[in-house]
Asks: 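If you scroll down you'll find the structure; I have some questions about it.
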Amino acid sequence: SAVVFFYNASEWLQLWCVHHTAAASDSLGGLLPELAYPADGSASKPLSEVVVGELLLVKPGSAVPVDGEVVGGSSAVDESMLTGEVVPV
């Protein structure tokens, strides 16, 4: 009976972990911005319409919408979400 108990306990623990991991993953998706701002000044557009090589404007204090490379200007970016730090870095 001890084997059955430990088996059931491990199954419950696995289900609990899967559920909480999925919930955490869903909440991270809410941190992404919904719009990107083209650098040429045209109207903002959804992230699904951004193409590789397109220049985007990242406004101060806003989230970076996609991976990329800084080609001009200067600013500061809060990297704490990437590094896991408690305070902004």
Side-chain angles (χ1 to χ4, degrees):
S1 75
V3 173
V4 174
F5 169 77
F6 285 116
Y7 176 78
N8 286 335
S10 69
E11 288 293 315
W12 177 83
L13 183 61
Q14 180 180 1
L15 287 174
W16 183 86
C17 289
V18 167
H19 171 73
H20 283 79
T21 301
S25 177
D26 290 343
S27 67
L28 283 177
L31 297 175
L32 289 174
E34 296 180 8
L35 298 173
Y37 300 94
D40 62 6
S42 59
S44 61
K45 58 183 174 179
L47 291 180
S48 60
E49 295 179 11
V50 175
V51 295
V52 174
E54 185 173 4
L55 294 178
L56 300 175
L57 175 68
V58 179
K59 298 178 180 180
S62 66
V64 179
V66 293
D67 287 344
E69 176 181 333
V70 177
V71 295
S74 63
S75 189
V77 176
D78 178 11
E79 299 175 4
S80 62
M81 189 171 87
L82 298 173
T83 61
E85 298 289 329
V86 178
V87 293
V89 255

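None of the values given here were measured: they were computed from a predicted structure.
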Asks: In the hydrophobic clustering (ILVMFWY, side-chain contacts below 4.5 Å, transitive), which residues join V50, or is it alone?
Replies: L47, L56, V66
Asks: Who are the ring-ring contact (aromatic ring centres under 6.0 Å, His included) partners of H19, not counting sequence neighbours?
Replies: none
Asks: Please report the shortest heavy-atom distance between V58 and P65, naming the atom on each side.
Replies: CG2-CD, 4.2 Å
Asks: Can you tell me if CD on E11 sees more than 12 non-hydrogen neighbours from other groups inside 6.0 Å?
Replies: yes
Asks: Got a second to check how far L57's CG is from S42's OG, nearest 0.5 Å?
Replies: 10.5 Å
Asks: Just to verify, what does E49 make a salt bridge (charged side-chain N to carboxylate O under 4.0 Å, His left out) with, not counting sequence neighbours?
Replies: none
